[in-house]
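What follows is a short report on a single structure.
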Amino acid sequence: MRYIKKIPQTDQKLSETLLADGWRKIKEAPNLYLSILFSIPFMILNALISYLIIASIDNQLAASIREIMFSGSWSITIRFDYIIYAYILIILHEAAHLLFIPNFLKSEKTYFGIKPWGGFVFTTEPLTKGRFLLISVTPFLLISVILPVILGLIGNLSSLIVFTVFLNALASSVDMLNTFLIAVQVPQGSTIVNNGFESYYVSGEPPP
């Protein structure tokens, strides 16, 4: 695993080689900005899922969330401790991705980075469709679904946790967009490989 400052650019020669070897290109957004734009419906869906989970556990807390959302008068207060928590969340979110990349510690094709706007994990290791989907959805499931359920059941669902749950739900929108694109385009049992902002798949095991 290596640290890099930004996601590697697409290698056009590698793209040509993959296509020549029988790989098929997945239809997806060509850059991060469009990915974020196209993922807005998933931001809404993720936040709704997290809200419904919280509402099923703590009606009073859910009512407070509704009051904030629909009061018609919002105010934003920037707190230093919340900024720190946000960066801790970024690290936890990316770590959740990393944990399910096979042999990520020894991999020469797996990278991570932390930027002022967030973080990223990137790998060019060939992955099965199932593994790719697992890597994509894990941060949302762990932090925005399972965490509020566990803490809610033991009575520790604080406002800070709610902030973390919703922030992670919004931050997971691009992951969920990628999950959707892979789920509908890639046949079961296929292998997927990333090349910059492009992804390719081939049925079965990758060619030697």
Side-chain angles (χ1 to χ4, degrees), residues 1 3 32 35-36 39-105 110-123 127 130-180 182-183:
M1 181 175 63
Y3 173 82
L32 179 60
S35 291
I36 294 173
S39 73
I40 289 175
F42 290 96
M43 290 185 187
I44 299 171
L45 179 61
N46 288 357
L48 179 60
I49 291 171
S50 294
Y51 167 77
L52 291 174
I53 290 171
I54 292 170
S56 68
I57 297 171
D58 191 326
N59 288 327
Q60 185 175 357
L61 190 53
S64 298
I65 295 171
R66 290 196 302 272
E67 183 178 352
I68 293 172
M69 293 299 297
F70 301 111
S71 64
S73 58
W74 291 6
S75 62
I76 298 176
T77 302
I78 299 176
R79 291 177 47 176
F80 179 74
D81 56 339
Y82 272 45
I83 295 175
I84 298 299
Y85 293 139
Y87 272 94
I88 293 174
L89 172 63
I90 289 170
I91 294 171
L92 292 176
H93 181 106
E94 302 307 333
H97 283 308
L98 272 175
L99 288 175
F100 290 92
I101 297 176
N103 300 315
F104 70 93
L105 288 175
T110 299
Y111 312 88
F112 76 97
I114 301 294
K115 307 289 285 185
W117 46 262
F120 62 88
V121 165
F122 182 83
T123 185
L127 302 168
R131 176 71 67 164
F132 189 100
L133 295 177
L134 178 62
I135 292 168
S136 298
V137 303
T138 293
F140 176 68
L141 291 179
L142 288 181
I143 301 173
S144 295
V145 175
I146 297 175
L147 180 65
V149 169
I150 293 175
L151 294 183
L153 292 176
I154 64 176
N156 280 331
L157 196 56
S158 65
S159 59
L160 174 59
I161 296 299
V162 170
F163 166 78
T164 301
V165 164
F166 278 102
L167 182 60
N168 183 73
L170 298 178
S172 299
S173 61
V174 174
D175 294 333
M176 301 309 288
L177 171 63
N178 290 336
T179 298
F180 173 76
I182 295 301

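Heads up: numbering here begins at 1 and tracks the sequence.
Scanning both residues, Ala96 and Leu142, for their nearest heavy atoms gives CB-CD1, 4.2 Å. Closest approach of His93 and Ser172 over heavy atoms only: CE1-OG, 3.3 Å. Of all the heavy atoms in Thr179 and Ser136, the pair that sits closest is OG1-CB, 3.2 Å. Between Ala47 and Ala169 the shortest heavy-atom distance is N-CB, 4.1 Å. Shortest non-hydrogen contact noted between Gly119 and Glu94 is O-OE2, 3.1 Å.
A heavy-atom distance below 4.5 Å is not found between the side chains of Asn156 and Ile161. The closest side-chain heavy-atom distance from Leu157 to Pro148 is below 4.5 Å. A 4.5 Å side-chain heavy-atom check between Leu45 and Met176 finds every atom pair outside the cut-off. Ile65 is listed as a side-chain neighbour of Phe166, based on a closest heavy-atom distance under 4.5 Å. Between Val174 and Phe42 there is no side-chain heavy-atom pair separated by less than 4.5 Å.
Sorted by first then second residue, the ring-ring contact (aromatic ring centres under 6.0 Å, His included) pairs that include residues 134-155, not counting sequence neighbours, number zero.
Taken from CD1 in Ile54 to CG in Asn59, the straight-line distance is 12.0 Å, to the nearest 0.5 Å. Summarising the geometry, atom CG belonging to Leu153 is positioned 5.0 Å from atom CD1 belonging to Ile57; distances are rounded to the nearest 0.5 Å. Between the CD1 atom of Ile40 and the OG atom of Ser173 there is a distance of 8.5 Å, given to the nearest 0.5 Å. Between Thr138 atom OG1 and Leu98 atom CG the span is 11.5 Å, to the nearest 0.5 Å. For the atom pair CG (Leu177) and CD1 (Ile182), the distance works out to 10.0 Å, reported to the nearest 0.5 Å. A distance of 12.0 Å separates CD1 in Ile44 from CD1 in Ile49, rounded to the nearest 0.5 Å.
Under the side chain to side chain donor-acceptor pair (under 3.5 Å) criterion, Asn178 pairs with no residue at all, not counting sequence neighbours. By the ring pair (Phe, Tyr, Trp, His ring centres under 6.0 Å) test, Phe163 pairs with Tyr82, sequence neighbours left out. Phe112 pairs by the ring pair (Phe, Tyr, Trp, His ring centres under 6.0 Å) definition with Tyr3, not counting sequence neighbours. Residues meeting the side chain to side chain donor-acceptor pair (under 3.5 Å) test with Tyr51, sequence neighbours left out: Arg66. Every side chain to side chain donor-acceptor pair (under 3.5 Å) that Thr123 has, sequence neighbours left out, goes to Thr110.
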Legend entry - Pair His97-Asp175, side chain to side chain contact (heavy atoms under 4.5 Å, CB included): steps then yes or no: CA-CA 10 Å; His97 283 308; Asp175 294 333; 3.1 Å; yes

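Judged by distance alone, the side chains of Asn168 and Ser144 do bring a donor and an acceptor atom under 3.5 Å apart.
Evaluated for a side-chain contact (heavy atoms from CB on, under 4.5 Å) with Phe100, the options Val137, Leu127, Ile135 yield exactly one hit, Ile135. For the side-chain contact (heavy atoms from CB on, under 4.5 Å) with Ile53, the qualifying choice from Val145, Leu48, Asp58 is Val145, the only one to do so.
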